[in-house]
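Here the structure is a predicted model, which is why all the values come from computation and not from measurement.
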Amino acid sequence: QVLLVESGGGLVQAGGSLRLSCAGSGRTFSTYARAWFRQAPGKEREFVAAITWTGATSIYADSVEGRFTISRDNAKNTVYLQMNSLKPEDTAVYYCAAGNFGRVGDDYEYWGQGTQVTVSS
């Protein structure tokens, strides 16, 4: 069974930091682009960040540029999202994905189940 499993979510105060992890199992994702998306209550899912399979290139949503960093460890089949200077508007369920490099959900074939991030003011 092919799985992506997120971890690291939780409750944090505004200005704080969290590090999300997404571990893959059932196959290697080392040749897939990896990405993070998020969905807040009552809103559509939105792109957060993506990284190429080599890790050489990463892209970010304007709303998180300079605060969030995506990285990957292909030996561990894992992608990370370091989130600093968190704001209440970052509150959402965060999903990791694997597939083709891009900003659109349809670019990605595999999805995790999501992890909740809540930022209190």
Any donor-acceptor N/O pair, [X] side chain to [Y] backbone, under 3.5 Å:
{"X": "Ser30", "Y": "Asn74", "answer": "no"}
{"X": "Glu6", "Y": "Leu20", "answer": "no"}
{"X": "Tyr108", "Y": "Ala33", "answer": "no"}

Rounded to the nearest 0.5 Å, what separation is found between the [atom1] atom of [X] and the [atom2] atom of [Y]?
{"X": "Leu81", "Y": "Thr69", "atom1": "CG", "atom2": "OG1", "result": "8.0 Å"}
{"X": "Arg72", "Y": "Thr54", "atom1": "CZ", "atom2": "OG1", "result": "8.0 Å"}
{"X": "Tyr95", "Y": "Arg45", "atom1": "OH", "atom2": "CZ", "result": "8.5 Å"}
{"X": "Phe101", "Y": "Ser58", "atom1": "CZ", "atom2": "OG", "result": "7.0 Å"}
{"X": "Arg19", "Y": "Ser71", "atom1": "CZ", "atom2": "OG", "result": "6.0 Å"}
{"X": "Lys87", "Y": "Ser121", "atom1": "NZ", "atom2": "OG", "result": "14.0 Å"}

- What is the ring orientation for Trp111 with Phe37, classed by angle as parallel under 30°, tilted 30 to 60°, or perpendicular over 60°?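 Ring orientation, 0 to 90° scale: tilted.
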At their closest point, which heavy atom of [X] faces which heavy atom of [Y], and how far apart are they?
{"X": "Val117", "Y": "Leu18", "answer": "CG1-CD1, 3.9 Å"}
{"X": "Lys43", "Y": "Gln39", "answer": "O-NE2, 3.0 Å"}
{"X": "Arg103", "Y": "Tyr60", "answer": "NH1-O, 3.1 Å"}
{"X": "Ala92", "Y": "Ala40", "answer": "CB-N, 3.8 Å"}
{"X": "Asn77", "Y": "Arg34", "answer": "O-NH1, 3.6 Å"}
{"X": "Ser85", "Y": "Ser17", "answer": "N-OG, 4.3 Å"}

Please say yes or no: joined through hydrophobic side-chain contacts below 4.5 Å, possibly via intermediate residues, are Val48 and Leu86 part of one cluster?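 Yes, Val48 connects to Leu86 through the hydrophobic network.
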Discussion item. Could you see if Val2 belongs to whatever hydrophobic cluster contains Val5? Use Ile, Leu, Val, Met, Phe, Trp, Tyr and a side-chain cutoff under 4.5 Å.
Written reply: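 No, Val2 does not connect to Val5 through the hydrophobic network.
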If you define the side chain from C-beta out and look only at heavy atoms, does anything of [X] sit under 4.5 Å from [Y]?
{"X": "Glu46", "Y": "Arg38", "result": "yes"}
{"X": "Trp36", "Y": "Met83", "result": "no"}
{"X": "Gln116", "Y": "Thr91", "result": "yes"}
{"X": "Leu4", "Y": "Phe29", "result": "yes"}

- Message: Is it the case that over 12 heavy atoms from other parts of the model lie below 6.0 angstrom from the CH2 atom of Trp53?
- Response: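 It does not: Trp53 CH2 has 12 such atoms or fewer within range.
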Q. Going through the checks in order, is the side-chain contact (heavy atoms from CB on, under 4.5 Å) test met by Cys22 and Tyr94?
A. CA-CA 10 Å; Cys22 175; Tyr94 283 70; over 6 Å; no
